[in-house]
> 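After the C-alpha cells below, expect a handful of questions from me.
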Amino acid sequence: TDVGHLEHDADDGDDKIAKKARLEQLEPMEIAQHYTNTYHAAMQQLNVLPPSIEPQASGHIIEQEELVKKILANGFAYESNGSIYFDIAKYNETHRYGILSGRNLEDVLDASRQLDGVGEKRNQADFALWKRAQPEHIMRWPSPWSEGFPGWHCECTAMGRKYLGNQFDIHGGGMDLVFPHHECEIAQAVAAEGEQMVRYWMHNNMITINGQKMGKSLHNFITLEQFFNGSHPALEKAYSPMTIRFFILSAHYRGTVDFSNEALQASEKGLERLLNGIADLQRIQPAKASDEATATIANELPRKCYEAMNDDFQTPMVLSHLFEACRLINTLIDHKAQISAEHLEQLAATMRLFAFQLLGLKAENGNNNDAREEAFGHVVDMVLDLRAKAKADKDWATSDRIRDELASAGFEVKDTKDGATWKLNK
C-alpha cells in the first residue's frame, strides 16, 4: 500500500505518505520505498521467504478504476462531487454487509448517524471507492470521474484478483482489519463479480507490551530494528531475529503476543535448547535396536507435528513435540536409552524438517551451531596436543586411545608429517 491511506484509515484527511513526504521534503515514492526497503531487510533477518509477487497499489491504478466501473455499472455505487462511494444500503438489499465481522447493518448505520453530517455520502457508513483530490493532495491520477486517487479498500481486491484470479484460498491480515477493511473488500468483490473472492480469512492477533497494546500513541512502540540492536529503553538487551521469530511461533497466530524481557529471554533459552538438541543428534552412536520408549517417540513425532500444523497452524504444539524429542536426545547422549540407526535418521529428519524448513528457524552467527563448532575445535586441538605429548613420551597406548575415542565421537584424526589433522564426520 503506497497510496490512498488517509489518516485514521478514514475517507477524509491527509494521505499518510504524502504528509510524511512534505515533512521530510521528499517525493511520496521515496517515503514508500524507504519503508519498503526497511521492511524487506527486517523480513530477511527474520528468515521470512520473500513473496513471488509483491504488487504496489500505485502501479495498479487502472485495475482499481476498472473495479470501480464494474461496481458502478452493477448499481452498488454512486458519484458525488467527483468522488465514488459504495452504497452499503443498496448492497444490503440483495447481499449482507457484515458477513465477516458479524456486524448488523442497522448497527453500523446507527453508529454512523451519531456523527455530525454525512457530507458527500448518502450514509456516513458508505466508503470511498475513488476520491477526488483536493488541490494540496500530491498523489493523484486521472479518472472518468475526477483527478484523484483510489480508496484504500480497492487495492487488495483489484490486485488480488489480477494475480490470484476471481477466487483464491487465503487472505491474511491483522484482526484490526476485519472491520471495516476486509468487510469492505468482500462487499466490493461481490458487488463487482456476484460472488466472494476469498474462501478463508486468516487474522493474526495484536502485539502487546507488558500487557498493554503496542502503539505509538502509548509511547510503547518498539521497532524490529530496536529489538535487534537493543536500543529501546524498555529492552534490557538486544534480541536476535531468531529469538523474535521463535517467540512469535511460541504463541498461536490468533492469540495475543505479549513482549516482555522475561518472555524474550525465555525464548532465547528455548531456541538455544532446541538448536543444541538438533546439533547433538550427530553425537549419538546408534545401537542395533531401539528400546520401546525411544521407538515410540521416533515413530510418533512426525504424525504429532503434522497434526499440530494441520490444526490451524498450532506452532506452539509443534515446538512442544520437538522439545519432547530434545529430552529423548539428552537421554541418548547420557547412554540411558538406545536408538537404532533407522530411528535416529527418522528423528533427525523430522526435527530438521519442522524446525528449519517449516518453522523457518536457523542457527545464527555466534549462536548455537557456529559457537559450538568453534568450541569443539578448541577442545579437539587441546586433546591432540595431549596425544602429541603422549607420542613424544612413547606412550603409545594413551596415544592410540585418544585417537580411537575421538573416532568414536565422530572425529577423524590423520597423522601427517606436519602433525595431526582432524575433521568432524557429519
> Mind checking what makes side chain to side chain contact (heavy atoms under 4.5 Å, CB included) contact with Val198, not counting sequence neighbours?
Phe168, His171, Trp201
> Specify the closest pair of heavy atoms between Ser143 and Glu65, including all atoms of both residues, with the distance to one decimal.
CB-OE2, 3.5 Å
> Within the 3.5 Å criterion, strictly below it, is a donor on Asp291 or Thr294 matched to an acceptor on the partner's side chain?
yes
> Verify, without hydrogens or angle tests, whether Glu195 (side chain) and Val190 (backbone) share a donor-acceptor contact under 3.5 angstrom.
no
> With a 3.5 Å distance limit and no angle check, can you tell me whether Asp126 reaches the backbone of Tyr85 through a side-chain donor-acceptor pair?
no
> Side chain to side chain contact (heavy atoms under 4.5 Å, CB included) between Phe354 and Leu319: does it pass, once the steps are laid out?
CA-CA 9 Å; Phe354 282 92; Leu319 289 174; over 6 Å; no
> So, Ser83 and Trp130: side-chain donor and acceptor under 3.5 Å apart, yes or no?
no
> Sequence neighbours excluded, which residues qualify as side chain to side chain contact (heavy atoms under 4.5 Å, CB included) partners of Glu342?
Ser340
> For Arg254, enumerate each residue passing the side-chain hydrogen bond (donor to acceptor under 3.5 Å, both in side chains) test, keeping only those at least two apart in sequence or located in another chain.
Asp312
> How far apart are the closest heavy atoms of Asp2 and Met139, and which atoms are they?
O-CE, 3.1 Å
> Please report whether the ring centroid of Phe149 lies less than 6.0 Å from that of His137.
yes
> Indicate yes or no for a side-chain donor-acceptor contact from Asn47 to the backbone of Gly360 under 3.5 Å, with no hydrogens or angles considered.
yes
> Which heavy atom of Ser267 sits nearest a heavy atom of Phe246, and at what distance?
O-CD2, 3.5 Å
> Who pairs with Asn299 by side-chain hydrogen bond (donor to acceptor under 3.5 Å, both in side chains), at least two apart in sequence or on another chain?
His343
> State plainly whether the residues Lys20 and Glu24 are in salt-bridge range, i.e. N to O under 4.0 Å.
yes
> Can you tell me if Gln188 and Thr157 form a side-chain donor-acceptor pair at under 3.5 Å?
yes
> According to ring-ring contact (aromatic ring centres under 6.0 Å, His included), who are the partners of His203, at least two apart in sequence or on a separate chain?
His182
> For a side chain to side chain contact (heavy atoms under 4.5 Å, CB included) check, start with the C-alpha distance between Glu183 and Ile99, then their side-chain angles and the critical distance, and finish with the verdict.
CA-CA 7 Å; Glu183 204 70 80; Ile99 193 170; 3.8 Å; yes
> If we count only N and O atoms by modelled type, under 3.5 Å, do the side chains of Glu307 and Gln314 hold a donor and an acceptor together?
no
> Are Tyr163 and His60 close enough that their ring centers fall under 6.0 Å?
yes
> Indicate yes or no: at least one non-hydrogen side-chain atom of Gln64 is less than 4.5 angstrom from one of Leu129.
no
> Tell me whether Asp395 is salt-bridged to Lys391, with the criterion being a basic N under 4.0 Å from an acidic carboxylate O.
no
> When the ring centroid of Phe228 is compared with that of Tyr239, is the distance short of 6.0 Å?
no
> With the threshold set at 4.0 Å, does a side-chain nitrogen-carboxylate oxygen contact exist between Asp400 and Arg403?
yes
> Is there a donor-acceptor pair closer than 3.5 Å between any side-chain N or O of Lys336 and the backbone N or O of Thr331?
no
> Between Glu63 (side chain only) and Met159 (backbone N and O only), is there a donor and an acceptor less than 3.5 Å apart?
no
> For the pair Arg22 and Glu136, find out whether any cationic side-chain nitrogen is under 4.0 Å from an anionic carboxylate oxygen.
no
> Quick one: do the Arg199 and Gln167 side chains pair a donor with an acceptor below 3.5 Å?
yes
> Sub-3.5 Å donor-acceptor pair from the side chain of Asn104 to the main-chain atoms of Glu106, do we have one?
yes
> When you check the side-chain N and O atoms of Tyr306 and His321, is any donor under 3.5 Å from an acceptor?
no
> Which atom names give the shortest non-hydrogen contact between Thr243 and Glu364, and what distance separates them?
N-OE1, 4.4 Å
> Going by heavy atoms in the side chains, are Leu274 and Met351 under 4.5 Å from each other?
yes
> For His181, give me all partners under ring-ring contact (aromatic ring centres under 6.0 Å, His included), at least two apart in sequence or on another chain.
Trp152, His153
> In terms of relative ring orientation, are Phe76 and Phe86 parallel, tilted or perpendicular, with 30° and 60° separating the classes?
parallel
> Side-chain contact, heavy-atom cut-off 4.5 Å: Glu405 with Ile402?
no
> What I want to find out is whether Arg327 reaches Glu324 closely enough, with some N-O distance under 4.0 Å, to be called a salt bridge.
no
